Amino acid sequence: MNEVSFHTFRADAALAIANPHLQSAVDGATLKFRRDRLRALADLPDVEAMRDHFKAMRAATLANLSEHLEQFERQALAAGAHVHWARDAAEATQIVIGIARQHGARLAVKAKSMTSEEIHLNAALDEAGITPVETDLGEWIVQLAAESPAHIVVPALHKTRQQVAELFTREVGRPLSADDIPALTNEARRALRKKFLAAEIGISGANIGVAETGSIVLVTNEGNGRMVSSVPPVHVAVMGVEKVCPTWDDAAVWLELLARSSTGQPLSVYTTAITGPARDGDADGPRELHIVLYDGGRSGMLGTGYEEVLQCIRCGACLNHCPVYQEIAGQTYGHAYSGPIGAVLVPLLHGLEQYEALPHASSLCGACLEVCPARIDLPRMLLDLRAEEVARGVIAPPEQALEKSAAWLLGHRRLFGLLTDVGRVFQRPLLSKDGLRVPRRLNPAGKRRLPSLAPRSFHALWDELAAEEEAVAGAAPVKRAVRAPSRGRIAAVIGASVVPLVVLWHLLRRRGGKR
Amino acid sequence: MTDPKRVAIMVTCMVDQIMPEVGVAAVRLLRRAGYTVEFPVEQTCCGQPFFNSGFRAQAADLAKRSLDIFEPYDAVVLPGGSCAAMIRKEYPHLLERWPGGTARAEALAARTYELSEFLVHVAGWEPAPAARAPRVTYHDSCHMNRLLGLGAESRALLRAAGCEIVEMHESDRCCGFGGLFSFRIPEVSNAMTQEKVRRANTTGAEVLVSADPGCLMQMRGFAHQTGMRLAHLAVLLEELTR
């Protein structure tokens with residue numbers, strides 16, 4: 001039932017951490033993106049003011065989302081496009097399949113689209129007898145490997161050239177060398193060129209929908225988005241409803257920040273604006289343009305504490321700066337949306353119960369908020385989702401009981417002092433120079449050494465410290481007694497009753513992890 | 001800001017139980033800066049562990065408890081950026097559920113300081129350069145850096161005390177602690193910590209300094225993998241200014 005439970009998340013994370021290739025690939029790529037982002041943003045005269053402006057624009061758009069979407073629809077229709085509305089993934093995929101069937105399509109070429117990953121469009125097309133071919137190089141590699149993207153901007157980040165050579169060899173039916181990367185890319189170009197020419201339909205996402213002209217904007221680096229939207233006779237763009245923006249002035253700010261935040265480019269190599277299908281006399285372009293406006297749970301977030309997450313423009317800066325993502329990469333998140341944005345968005349789209357571990361896949365360090373072009377407060381939303389998990393009982397009852405008892409105990413200072421004194425007695429056999437030596441299997445911290453309780457608490461030291469004459473230079477340091485505190489005997493008695501509880505805690509934790 | 005010359009110390013639960021020497025050092029530094037330090041003995045925990053793991057009601061109760069304990073004092077100083085950020089940033093909304101709670105919390109927040117912040121900006125204290133001070137590298141703890149905007153203060157104090165600071169690559173990268181995160185998903189937490197300690201190690205500094213007990217506790221879990229000393233800012237400064 002759980003798609004990403006604590007147990008599966010931890011297991012997948014451990015695999016990713018133990019994979020040296022993945023580690024160096026993620027480290028290298030994210031470090032480059034972090035450096036390039038800083039350099040690219042430094043070009044802007046006042047990037048902080050621009051981010052504030054952008055956030056205000058995104059918030060204002062979402063506050064009147066239906067109005068902007070209706071304007072977008074009117075203008076797109078006037079430009080000759082067809083506009084469809086899809087409530088959920090099933091509706092969206094059915095609309096795309098319907099259009100494909102209407103044109104007798106057997107082959108669909110696709111530009112990289114996170115929305116189409118979200119609705120599992122490829123699987124639906126396959127089932128309907130229409131072969132989808134990804135044409136973004138990274139996305140194609142991931143498709144050939146039957147995997148989900150490891151990063152929302154660079155999907156095949158985790159693949160070695162050897163793995164790519166094997167996948168391409170299987171695809172083209174001839175042995176290809178992993179040592180000749182230009183030859184590999186040429187093979188991809190040749191193979192994909194044939195698909196572009198043969199496909200009856202091109203499918204893309206849309207980075208932006210500009211309401212004042214009913215245009216969509218595609219941001220790509222390989223030019224495949226332009227091929228997908230101009231070579232086949234029919235182009236279908238699936239756009240999340242939150243991607244609408246009122247005017248071209250607004251879109252300009254959006255584009256200033258998108259590529260800079262993402263890959264550190266001032267602009268991506270191709271920025272394609274599409275307004276309607278090909279007009280009479282146009283040399284190329286599709287005869288039909290369909291725009292599918294996809295909701296998929298987004299409108300349900302409007303007016304809630306999570307509305308802000310809809311300001312996301314999928315730049316991936318939060319992934320590149322997240323120390324958790326940098327250790328585990330995207331696939332551990334169990335969804336095409338990974339990193340901090342995925343940790344918030346996925347449970348909102350598909351349910352906390354199915355993705356219970358994701359709101360906890362963060363140390364709340366705040367790096368994501370610091371770099372988000374729209375300053376989306378992801379840490380706050382992670383905290384809110386955790387609170388919802390507690391309120392809805394997603395966090396298992398034994399753990400709830402444990403946390404609540406701990407909080408209660410901390411509200412009773414003397415009892416807390418007594419119990420920690422018990423701990424001082426019982427930790428003795430485990431003491432080492434650097435903390436407690438606990439057998440790995442029993443250590444809830446894994447391979448990290450647990451801290452030991454100090455011989456005496458600050459509370460116990462205070463009387464001596466208060467008496468210390470600090471006015472006199474070179475005051476003697478406080479004596480650190482190693483003897484058991486005077487309450488030791490009572491402590492030992494209480495300890496005898498606490499030990500079974502601690503054992504029980506461990507058992508419950510381990511059982512809880514295996515759901 | 002008025003200068004009451006009398007402050008309360010909130011040592012934090014981690015310092016109280018695991019590293020009381022940090023509290024001792026903080027008290028001595030405050031005294032050297034000319035302040036009388038009081039220790040309200042009823043104090044335990046600011047509530048952050050519960051707030052961060054979604055237990056809002058429990059966090060609010062502990063916040064209310066701390067508010068009642070520390071409200072009578074003119075200034076509250078903590079040797080920990082994360083707990084200071086909890087009081088400053090989260091108490092005002094957590095205490096909404098009590099009448100007047102937010103206003104009281106905001107008033108407390110306005111006179112709550114992280115130690116280095118207090119020493120530099122309120123006390124105006126500067127340590128004299130020590131005859132022999134170590135080369136150090138400084139870990140910018142996340143909440144202290146991103147929520148309170150502090151870090152330059154620690155560095156200024158270390159430099160004044162005679163330390164040479166060798167910056168590590170991305171000193172603001174999280175140490176992997178994250179409170180209960182370090183137990184819920186220890187595999188990832190530990191990988192982050194090992195990366196942090198590795199980066200600190202490559203600076204060749206003798207001491208890895210942090211102003212946050214949580215980070216220090218976490219990184220000490222891998223202290224056996226490094227030859228470096230891991231020290232709290234207060235402890236090191238106290239030693240250098242004896």
Side-chain angles (χ1 to χ4, degrees), chain A residues 6 9-10 13-14 17 323-324 327-328 357 360-367 369-370 383 385-391 395 403-404 406-408 410-411 413 416 420 433-435 444-454 456-462 465-466 468 470-471 474-475 478 480, chain B residues 11 13 15-21 23-24 27-28 31-32 39 41-45 47 49-56 58-59 61-62 65 142-143 146-147 172-193 195 217-218 220-224 242:
Chain A
F6 281 103
F9 187 88
R10 288 177 58 178
I17 290 164
V324 171
E327 297 297 343
I328 62 178
H360 301 272
S362 165
S363 63
L364 302 173
C365 79
L369 168 59
E370 192 173 70
L383 285 165
L385 286 170
R386 292 179 187 185
E388 268 193 52
E389 286 194 354
V390 172
I395 295 294
E403 289 236 25
K404 286 174 182 169
W408 180 85
L410 283 162
R413 200 260 306 172
F416 175 67
T420 47
K433 189 170 70 72
D434 304 306
K447 56 183 173 179
R448 185 174 75 248
R449 213 160 275 184
L450 288 173
S452 56
L453 293 163
R456 294 170 74 196
S457 70
F458 186 89
H459 271 92
L461 292 171
W462 174 249
L465 189 61
E468 198 175 278
E470 207 38 33
V478 172
R480 293 281 300 264
Chain B
V11 291
C13 53
V15 166
D16 181 32
Q17 293 299 329
I18 291 165
M19 44 187 94
E21 67 278 7
V24 172
V27 168
R28 287 182 181 154
R31 285 175 179 165
R32 277 172 211 166
F39 175 66
V41 291
E42 276 306 311
Q43 62 179 281
T44 53
C45 168
F50 306 96
F51 178 67
N52 283 0
S53 58
F55 290 80
R56 292 270 163 94
Q58 286 69 24
D61 285 345
L62 286 168
R65 190 174 179 280
C142 300
H143 293 174
R146 297 204 177 89
L147 296 178
D172 62 350
R173 190 184 200 269
C174 178
C175 73
F177 178 49
L180 218 62
F181 167 73
S182 66
F183 288 99
R184 280 193 203 276
I185 308 179
E187 296 79 7
V188 180
S189 163
N190 291 345
M192 289 162 70
T193 312
E195 175 68 14
M217 181 178 83
Q218 174 79 12
R220 278 183 180 161
F222 289 99
H224 55 285
R242 270 180 198 163

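Everything quoted here is computed from the prediction, not taken from an experiment. All chains are named by letter (A, B, ...) in the order of the sequence lines, taking the proteins before the strands, and each is independently numbered beginning at 1.
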> Does the side-chain contact (heavy atoms from CB on, under 4.5 Å) test come out yes or no for A/Asp434 and B/Phe222, once each step is laid out?
Replying inline: CA-CA 8 Å; A/Asp434 304 306; B/Phe222 289 99; over 6 Å; no
Nearest non-hydrogen partners of [X] and [Y], listed with the distance:
X        : Y        : value
A/Arg10  : B/Pro186 : NH2-CG, 3.5 Å
A/Ile17  : B/Ala191 : CD1-CB, 3.8 Å
A/Ser457 : B/Gln17  : CB-NE2, 3.9 Å
B/Leu62  : A/Ala407 : CD2-O, 4.0 Å

Which one wins on heavy-atom pair count under 4.5 Å against chain B: [options]?
options                                : value
A/Glu370, A/Arg449, A/Lys447           : A/Arg449
A/Ser362, A/Ala357, A/Ala406, A/Ser363 : A/Ser363
A/Lys404, A/Glu388, A/Glu389, A/Lys433 : A/Lys404
A/Gly446, A/Ala361, A/Ala387           : A/Ala387

>> My understanding is that only one of A/Glu403, A/Arg386, A/His360 makes a side-chain hydrogen bond (donor to acceptor under 3.5 Å, both in side chains) with B/Ser53; could you say which?
In response: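 Looking at A/Glu403, A/Arg386, A/His360, the match for B/Ser53 under the side-chain hydrogen bond (donor to acceptor under 3.5 Å, both in side chains) is A/Glu403.
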Ignoring hydrogens and geometry, is there a side-chain-to-backbone donor-acceptor pair from [X] to [Y] under 3.5 Å?
X        : Y        : result
B/Thr44  : A/Leu410 : yes
B/Asn190 : A/Ala445 : yes
A/His459 : B/Glu42  : no
A/Arg413 : B/Val41  : yes
B/Arg65  : A/Gly411 : yes
B/Asp16  : A/Phe458 : yes
B/Arg220 : A/Gly435 : no

> Roughly how far apart are B/Phe177 CZ and A/Leu364 CG, rounded to 0.5 Å?
Replying inline: 11.0 Å
> Got a second to check how far A/Cys365's SG is from B/Phe181's CZ, nearest 0.5 Å?
Replying inline: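 So the SG of A/Cys365 and the CZ of B/Phe181 are separated by 9.5 Å.
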> With a distance cut-off below 6.0 Å to the six-membered ring centre and an angular limit of 45° from the axis, does B/Arg184 pair with A/Phe9 as a cation-pi contact?
Replying inline: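 The answer is no, since B/Arg184 fails at least one limit relative to A/Phe9.
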Using a 4.5 Å cut-off on heavy atoms from C-beta on, say whether the side chain of [Y] contacts that of [X].
X        : Y        : value
B/Arg56  : A/Leu383 : yes
A/Pro323 : B/Cys174 : yes
A/Pro451 : B/Gln218 : no
B/Pro20  : A/Arg456 : no
A/Leu465 : B/Phe39  : no

In terms of heavy-atom proximity below 4.5 Å to chain A, should [X] be classed as side chain, backbone, both, or neither?
X        : answer
B/His224 : both
B/Leu147 : neither
B/Val11  : side chain
B/Met217 : side chain
B/Asn52  : both

>> Applying side-chain contact (heavy atoms from CB on, under 4.5 Å) to A/Trp408 and B/Asp61, what does each step give before you reach the verdict?
In response: CA-CA 9 Å; A/Trp408 180 85; B/Asp61 285 345; over 6 Å; no
>> Between B/Pro49, B/Ser182, B/Ala59, B/Ala223, who has the most heavy-atom pairs with chain A when the cutoff is under 4.5 Å?
In response: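 Greatest number of close heavy-atom pairs with chain A: B/Ser182.
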> So which of B/His143, B/Met192, B/Met19, B/Arg146 has the biggest tally of heavy-atom pairs under 4.5 Å with chain A?
Replying inline: B/Arg146
>> Let's go through A/Glu327 and B/Arg173 carefully: what are the C-alpha distance in whole Å and the side-chain angles of both, what is the deciding distance for salt bridge (Lys or Arg N to Asp or Glu O under 4.0 Å) to 0.1 Å, and is it a yes or a no?
In response: CA-CA 12 Å; A/Glu327 297 297 343; B/Arg173 190 184 200 269; 3.8 Å; yes
Counting only heavy atoms closer than 4.5 Å, note whether [X] contacts chain B via side chain, backbone, both or neither.
X        : value
A/Ile328 : side chain
A/Leu369 : neither
A/Ala391 : neither

> Salt-bridged, B/Arg28 to A/Glu468, with N to O below 4.0 Å?
Replying inline: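 Yes, this pair counts.
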